[in-house]
Protein chains: 2
Amino acid sequence: MRTLYHQWLCPFARKVRLALREKKLDFELEEEPVWEAGDDFLALNPAGEVPVLVEPDGTALADSVAICEYLEEAFRDPPLLPGDALARAEARRLIAWFDHKMFREVTRPLTDEKVEKRLRMGGTPDSAAIRGALASIHSHLAYLGWLTERRRWLAGEELSLADLAAAGQVSVIDYLGDVPWDEHPAAKDWYVRLKSRPSFRPILADFVPGMAPARHYADLDF
Amino acid sequence: MRTLYHQWLCPFARKVRLALREKKLDFELEEEPVWEAGDDFLALNPAGEVPVLVEPDGTALADSVAICEYLEEAFRDPPLLPGDALARAEARRLIAWFDHKMFREVTRPLTDEKVEKRLRMGGTPDSAAIRGALASIHSHLAYLGWLTERRRWLAGEELSLADLAAAGQVSVIDYLGDVPWDEHPAAKDWYVRLKSRPSFRPILADFVPGMAPARHYADLDF
């Protein structure tokens, strides 16, 4: 069996979960407490981070971009990157946008302050960091909306890894109840379409002990 | 003509410069002051970051991973990723290691404190941040050495984008004189081999106004 080591509120693990399901690949989830990673896990990924995918033959793959590119090469159907080199570059530009820029400006400060401190680190949430993230989210949702008003999906007419990368970030923020959907109807329309895909269903059932999701998190009509 | 928008001490722009030269593609460099990026540059890359590659037909590509994957697909010879899907995943895992983990732990704090504050932001360098980065660099150099004692290059027997990603980080830190080479002979051996490649020569001639390189920076025998 294929195994994905993950954390429930890791946006990169969510991206890989969605990619695996879109490609109809069976896997089991294994939660890895990365803050106390032991030698067994470090042997799978010396960086000590999730996601790590262990293939049925025992081969371990680490880093969400490396894993998704591997899945794309090894299991082509359905494709999650466009066929043309320039269109692929555009999809990868957007993957980097959500994986790095949105993560750094929004997802990481919110999860650090609201989740890590509450469940693990202790300490008072830094309200300035939270305010900064909640201000930054608007530009990302506006960009999502701008893109989907010009293309059916973020990188073109077909669903791609760019949508899954964005969904990884957005779904974690939405779990916390911090997405101002009412102000961003185009981004909301995109997320409604994603949420209704079968690949998304398990993510909507996620439940972090000690940290219940926002009330509307699993609703398809929110 | 192909144009690469860059910053002299941006490790990601250096990675792309090396990839372009390894593939023997002509280009001109254009320095972009990203902290005051205007609409023209934001039209090329809404993220407002370098590197951005503008192809001879005017097509703009942004994000160093997207650019390097595009170069690999559009200009295959010489290849900078292995042929096998699992070997490519290993190369991409290492690219992510150097692009993100080493950048976050070492390169960014050093350039923020030593370069940005001196040339642009003002303020006193945070000595705790510098000490932290100088402590972290050992694990990265040890890992580089560990890899090259088992493989000729970082991701296998051939030079790959993993070497160029690592070289982007290491060459910036070496410009600042902060690589403890004497304690890491295996990593040094790898860097000596890279430095002697023709693709590396222009990088060794880099000179940031107001911030001269460390004395040994351009020496092939250091």
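Because the structure is a prediction, the values reported are computed rather than measured. Labels below follow one simple rule: chain letters A, B, ... track the order of the sequence lines, proteins then strands, and each chain is numbered from 1.
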Heavy atoms only, distances under 4.5 angstrom: which of B:Val65, B:Leu86, B:Ile95 has the most pairs with chain A? Name it, please.
-> B:Leu86

Heavy atoms only, distances under 4.5 angstrom: which of B:Ala85, B:Ala91, B:Ala96, B:Ala74 has the most pairs with chain A? Name it, please.
-> B:Ala85

CZ-CD1 distance between B:Phe12 and B:Ile67, expressed to the nearest 0.5 angstrom | 12.0 Å

Gap between atom CG of B:Leu9 and atom CG of B:Leu110 - 0.5 Å precision = 11.5 Å

Indicate yes or no: at least one non-hydrogen side-chain atom of B:Cys68 is less than 4.5 angstrom from one of B:Val16.
-> yes

How many angstroms lie between atom CG of A:Leu25 and atom CG of A:Leu53, to the nearest 0.5 angstrom?
-> 9.0 Å

Value for CG (A:Leu161) from CG (A:Leu80), rounded to nearest 0.5 Å, stands at 5.0 Å

Stepwise, does the side-chain contact (heavy atoms from CB on, under 4.5 Å) test hold for A:Val170 with A:Leu144?
-> CA-CA 10 Å; A:Val170 170; A:Leu144 266 172; 4.1 Å; yes

Side-chain touch B:Leu176/B:Ile173, heavy atoms, less than 4.5 angstrom | no

Could you list every donor-acceptor pair linking chain A to chain B (distance under 3.5 Å, backbone and side chains)?
| from | atom 1 | to | atom 2 | distance (Å) |
| --- | --- | --- | --- | --- |
| A:Glu49 | OE2 | B:Arg104 | NH2 | 3.3 |
| A:Glu73 | OE1 | B:Arg88 | NE | 3.1 |
| A:Glu73 | OE2 | B:Arg88 | NE | 2.8 |
| A:Glu73 | OE2 | B:Arg88 | NH2 | 3.3 |
| A:Glu73 | OE2 | B:Arg92 | NH1 | 3.2 |
| A:Glu73 | OE2 | B:Arg92 | NH2 | 3.3 |
| A:Arg88 | NE | B:Glu73 | OE1 | 3.1 |
| A:Arg88 | NE | B:Glu73 | OE2 | 2.8 |
| A:Arg88 | NH2 | B:Glu73 | OE2 | 3.3 |
| A:Arg92 | NH1 | B:Glu73 | OE2 | 3.2 |
| A:Arg92 | NH2 | B:Glu73 | OE2 | 3.3 |
| A:His100 | NE2 | B:His100 | NE2 | 3.3 |
| A:Arg104 | NH2 | B:Glu49 | OE2 | 3.3 |

